[in-house]
Structures are given as structure tokens and as C-alpha cells.
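Take a look at the structure set out below.
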Amino acid sequence: YMKRCKQIVYSLFPMIGVIILILDAKTSFRGAADGIALCMKTVIPALFPFFILSAMLTSSLIGRKIPIINKLGKFCGIPSGAESLLLIGLIGGYPVGARTVTQAYQNGQISKHDGRRMLGFCSNAGPAFLFGMLGPLFPKQWMLWGLWSIHIASALITGHLLPGKAGNKV
């Protein structure tokens, strides 16, 4: 009986949503158009350069030790030589960092286990998003730097707390 009730409730909400969209189609069209315009004016221009540069940086640095962040990599259990993925994850944030980690896994540069762990370091907003998209919302520049610092600290703590340290060397 409970299973049937859940199915009805789960079906009811989408049906109500469809009815609302039908009755107020102009609002949904306007919202979609505004969302696409915002994406084209701010999100894509802010993130596209990071996608290109992160691919170039990762391909040139993967497998090389980066002395500056090597100790941080050891602390977080990152496989030796994959420090560039940490760097991209912290600078690029979720879209760029996650894509870069996925690409490194698909190219056989890191194991599946290490790839899953590395995604923990990509759970932050990058500076392109913070400064490009949210900049106008903050009255003081230092607030954005503080917010980015919180994101970096959160990503490092998350990555450190994830179980299973580095399994393979790159």
C-alpha cells in the first residue's frame, strides 16, 4: 500500500508542474529565454577560457610533480604526479575540474578509484564563476576572495576526508 501511495505522489507532482506550465506558458518561455540569455552573456564567456586553458595545462603537467603543491597533494592523498588535477580542480571548480579528472581517467592517467577521490576536490566554484558571475552582487572585492578561500578550504577538507588514499602512481 505504501509503495502505491509513493508512486501516486511521485506522479502527482510532475503532473501538477505540467498543468502549471500549460496554464502559464508565457512565464515558462520568458524564464527559459532569460536563462539562456544569462548563460550566453556571462556563464559561457566566463568558463570557456578555463576549459581551453585547463586542457592545455593538464596535458602539459600530468605525470609531473609540482613541488609547490606536492606536500598538499600528499596531505590530500592525491596520486603522485596528479597534482595538476588538484590545481585545475581548485582553480576551475566544478565544471572544469570534473571534466579534467574525467579526461585523465579516460586517458588511463589515473585509476577509477583515484578519479572518484579527485572529484572531491572539484566541488567548489572557481574564480571565473565567482568573480565573473557573482562579482556584481558583492559590494567589496575582499568578500569574493573570502568566499573563494572558503571554497578552496572546503574542497581540500572534503578531499582529505574521503576514504581511500591514492592507489596508483600516475
Can you see which heavy atom on [X] is nearest to which on [Y], and at what distance?
X: Leu86; Y: Phe121; answer: CD1-CD2, 3.7 Å
X: Gln109; Y: Gln103; answer: OE1-O, 4.4 Å
X: Ser28; Y: Leu21; answer: CB-CD2, 3.3 Å
X: Phe138; Y: Met143; answer: CD2-CB, 3.6 Å
X: Val101; Y: Gly115; answer: CG1-O, 3.4 Å

When rounded to the nearest 0.5 angstrom, what distance separates [atom1] in [X] from [atom2] in [Y]?
X: Ile157; Y: Ile150; atom1: CD1; atom2: CD1; answer: 10.5 Å
X: Ile8; Y: Phe13; atom1: CD1; atom2: CZ; answer: 12.5 Å
X: Thr102; Y: Asn107; atom1: OG1; atom2: CG; answer: 10.5 Å
X: Leu85; Y: Asp114; atom1: CG; atom2: CG; answer: 10.0 Å
X: Arg117; Y: Ile110; atom1: CZ; atom2: CD1; answer: 11.0 Å

Quiz prompt | Passing option when Ile16 is tested against Val18, Ile19, Leu12 for side chain to side chain contact (heavy atoms under 4.5 Å, CB included) | solution = Leu12
Practice problem: Please confirm whether the backbone N or O of Leu90 pairs with a side-chain atom of Asn124, one donor and one acceptor, at under 3.5 Å? | Solution: yes
Quiz item: Side chains of Leu144 and Trp148: closer than 4.5 Å at any heavy-atom pair?
Solution: no
Exercise. State, with a plain yes or no, whether a side-chain heavy atom of Gln141 is found less than 4.5 Å away from one of Phe131.
Key: yes
Practice problem: Give the cluster check for Leu134 versus Trp142: same hydrophobic cluster or not, with ILVMFWY residues linked at side-chain heavy-atom distances below 4.5 Å. | Solution: yes
Exercise. Establish whether Trp145 and Leu137 are linked, either directly or via other cluster members, by ILVMFWY side-chain heavy-atom contacts under 4.5 Å.
Key: yes
